[in-house]
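Everything below concerns the one structure shown next.
Just so you know, these numbers come straight off a predicted model, no measurement behind them. Note that these values count all heavy atoms, side chains included, but never hydrogens, waters or copies made by symmetry.
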Amino acid sequence: MSDGSPGSHMRPIGADPATLRVGNASGFYGDRFDALREMLTGGPLDVLTGDYLAELTMLILGRDRLKDPARGYAKTFLRQLEDGLGLAAERGVRIVTNAGGLNPAGLADAVRELADKVGVPVRVAHVAGDDLLARGGWGEGVFTANAYLGGGGIAACLRAGADVVVTGRVTDAALVSGAAQAHFGWRPQDLDRLAGAVVAGHVLECGTQATGGNYSFFGAHDLLRPGFPLAEIAADGSAVITKHPGTGGAVTTGTVTAQLLYETAGARYAGPDVTARLDTVRIAQDGPDRVRIDGVRGEAPPPTLKTGLTRLGGWRNEVTFVLTGLDVPAKAELVRAQMDAAFDAAGRRPAEVRWTLARTDRADAEVQEEASALLRLVVRDADQDAVGRVVSGAAIELALASYPGFHVTAPPGKGTPYGVFEAVAVDADEVPHTAVLPDGTRTGIQPAPASRQLERLTDPPLPEPLDAAAALPTRRAPLGLVAGARSGDKGGAANVGVWARTEAAWRWLAHELTVERFRQLLPETAELPVDRHVLPNLRALNFVVDGLLGEGVAAQARFDPQAKAVGEWLRARHMDIPEVLL
């Protein structure tokens with residue numbers, strides 16, 4: 001078994017031994033198609049990464065594999081390589097991607113075939129061992145089971161001279177940290193350096209979210225076509241986040257802070273190689289479109305690997321009724337009663353029936369759409385028939401027999417399957433992490449030599465309150481005038497990271513935005529477990545809401561199934577804010 005040491009190093013990863021320039025060209029399966037070409041032609045790079053996998057993506061690829069066992073990988077990546085492979089070879093850029101999904105070996109073979117077709121000789125390697133489905137014991141209906149691997153396999157492939165490295169399910173940050181391990185020859189014990197690279201990888205993993213995309217204060221930047229980010233990583237693990245010259249968007253301490261908070265939980269950010277301490281991260285503007293990240297401390301990783309399971313959860317159907325003009329509550333009550341009566345008459349009520357009324361209407365509207373509210377019905381059941389005709393038929397039969405102005409946004413259908421994502425822990429020693437080198441040699445990668453159980457850190461002391469000396473006059477205003485936010489999904493949980501733009505705003509925010517106030521502002525969270533984590537270096541609070549997304553994004557449990565906009569909802573809520581901050 002290999003420990004990922006530099007003993008098998010054949011040639012340098014980059015031209016400068018002191019710095020590794022790593023770029024990103026994909027934040028998800030479906031990202032901007034020409035980003036790979038843009039990154040290869042826009043400026044110097046040593047390694048170009050592409051992240052194609054998310055919890056929902058594994059479900060999609062699992063269904064692809066059921067139809068054709070030879071598939072299960074992100075086909076888009078191959079099409080991007082048709083001209084990208086030659087460009088990368090000309091410029092000496094290595095490519096590292098998790099587009100292999102459920103079939104990294106299959107994608108590696110396809111890359112070799114493409115290389116022969118376009119006449120570009122490249123050395124292709126892949127990382128295997130994450131697919132644990134054959135191990136069994138996962139329960140009924142599970143059709144993907146993948147452990148999140150670290151960067152050791154990627155490092156071994158690059159040290160063996162691979163030009164293209166294809167992986168399956170690795171952590172998103174491992175695409176970057178694995179390349180850094182290979183370039184600098186870091187050992188598994190170099191925890192601070194590894195942690196720094198993991199943090200840089202986390203900033204890059206979602207592509208243009210680091211350059212102004214999905215950014216609360218988007219109006220300050222040119223977002224017509226934001227450029228993709230890159231990191232200049234140093235031997236000590238510190239990094240500068242930037243982008244190619246002349247590309248859109250911006251790299252600021254704000255855009256980087258937003259991405260640092262995305263889909264995280266507490267101050268300990270655990271991975272297979274290292275647990276990075278987010279409470280130690282220091283960020284500073286280092287020039288136009290340059291943000292320096294340093295000071296990151298690392299700890300031994302947990303003894304287990306996160307393993308994602310997907311399965312078919314059942315069947316769902318949806319109907320959205322449009323309620324226009326006067327008497328919206330009465331119209332909603334009528335159609336709900338009529339649908340309930342139809343279920344009773346059919347003798348078949350779906351196992352789950354959920355109604356939500358969105359009051360998008362306003363009085364005396366000059367546009368009909370602005371006079372309308374949306375009443376959404378979502379049903380679920382293990383039996384497709386229970387959400388099919390019994391729902392769609394009942395809804396359509398009301399067309400001439402219900403509230404005035406009856407119509408729906410789209411004709412209801414037969415019902416569609418939905419998936420469920422579940423995360424479980426598997427001992428790292430039981431996962432056969434393997435690097436398959438360009439010559440076909442299979443090298444086992446050992447788990448981290450030391451481990452540490454993941455425990456929640458005690459929150460640090462809060463800053464002195466802004467109004468410690470005397471009460472300050474306040475004004476009722478949106479929170480978003482003084483704070484940014486970024487939210488996302490992790491299984492059935494959602495995280496909402498909130499950061500203050502100034503030190504004064506932080507002194508107010510840290511005391512005012514408690515868990516109790518958070519629940520008041522977002523009533524959907526009132527009955528759910530909410531944990532608040534304090535990150536003073538980032539002037540940020542991170543809230544984790546368990547259960548907000550039900551059984552995960554694939555289950556589409558709510559209007560915003562990935563919690564992408566929960567942070568913006570929070571920013572739109574009004575609070576009594578000190579006038580001095582406004």
Give the table of side-chain donor-acceptor pairs shorter than 3.5 Å for residues 228-236, with sequence neighbours excluded, one pair per line with atom names and distance.
residue, atom, partner, partner atom, Å
Glu232, OE1, Arg290, NH1, 3.3
Glu232, OE1, Arg290, NH2, 2.9
Glu232, OE2, Arg21, NH1, 2.6
Glu232, OE2, Arg290, NH1, 3.2
Asp236, OD1, Ser238, N, 3.0
Asp236, OD1, Ser238, OG, 2.6

Got a list of side-chain donor-acceptor pairs under 3.5 Å for residues 166-178, not counting sequence neighbours?
residue, atom, partner, partner atom, Å
Arg169, NH2, Asp172, OD1, 2.8
Thr171, OG1, Ala174, N, 3.2
Ser177, OG, Ala173, O, 3.4

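In this structure, Ala494 and Leu548 approach most closely via the heavy-atom pair CB-CD2, 3.8 Å. Smallest separation of non-hydrogen atoms from Ala182 and Leu158: CB-CB, 3.9 Å. Between Ile13 and Arg94, the closest heavy-atom pair is CD1-NH1, 3.6 Å. A pairwise comparison of heavy atoms in Ala485 and Gly567 identifies CB-O, 3.6 Å as the closest pair. The two atoms that bring Val165 and Val127 nearest to each other are CG1-CG2, 4.3 Å, heavy atoms only. Across every non-hydrogen atom of Arg442 and Ala128, the tightest pair is NH2-CB, 4.3 Å.
One finds the CG atom of Asp427 at 10.0 Å from the OG1 atom of Thr307 (value rounded to the nearest 0.5 Å). Atoms OG1 and CG, on Thr253 and Leu538 in that order, are 10.0 Å from each other to the nearest 0.5 Å. For the atom pair CD of Glu263 and CD of Gln562, the computed distance is 8.0 Å after rounding to the nearest 0.5 Å. For the atom pair CG (Leu48) and CG (Leu87), the distance works out to 11.0 Å, reported to the nearest 0.5 Å. Note: Glu38 CD to Phe33 CZ = 11.5 Å, rounded to the nearest 0.5 Å.
Ring-plane geometry between Tyr215 and Trp499 is classed as parallel, the angle between the planes falling under 30 degrees on a 0 to 90 degree scale with a further cut at 60.
Residues that satisfy the salt bridge (Lys or Arg N to Asp or Glu O under 4.0 Å) test with Asp190, not counting sequence neighbours, are absent from this structure. Remark: Thr264 engages Asn542 in a side-chain hydrogen bond (donor to acceptor under 3.5 Å, both in side chains) (not counting sequence neighbours). Contacts of His202 classified as side-chain hydrogen bond (donor to acceptor under 3.5 Å, both in side chains), with partners at least two apart in sequence or in another chain: Glu205, Tyr269. Take Arg456 and apply the salt bridge (Lys or Arg N to Asp or Glu O under 4.0 Å) test, not counting sequence neighbours, and it matches Asp459, Asp531. By the salt bridge (Lys or Arg N to Asp or Glu O under 4.0 Å) test, Arg63 is found to be paired with no residue, residues two or more places apart in sequence or in another chain being considered. For Phe518, the ring pair (Phe, Tyr, Trp, His ring centres under 6.0 Å) test picks out Phe543, with sequence neighbours left out. Glu299 meets the salt bridge (Lys or Arg N to Asp or Glu O under 4.0 Å) test with Arg268, Arg277, Arg452; sequence neighbours excluded. A search for side-chain hydrogen bond (donor to acceptor under 3.5 Å, both in side chains) contacts involving Arg37 returns Asp83, not counting sequence neighbours.
A side-chain contact (heavy atoms from CB on, under 4.5 Å) with Val281 is found for one member of Leu535, Asp294, Ile293, Asn537 and no other, namely Ile293.
Pairs passing the side chain to side chain donor-acceptor pair (under 3.5 Å) check and including a residue from residues 134-151, sequence neighbours excluded, read Asp130-Asn146, Arg135-Glu430, Thr144-Thr310. For residues 64-74, the side chain to side chain donor-acceptor pair (under 3.5 Å) pairs, not counting sequence neighbours, are Arg65-Asp131.
Surrounding CZ of Arg558 are more than 12 heavy atoms belonging to other residues, nucleotides or ligands, all under 6.0 Å away.
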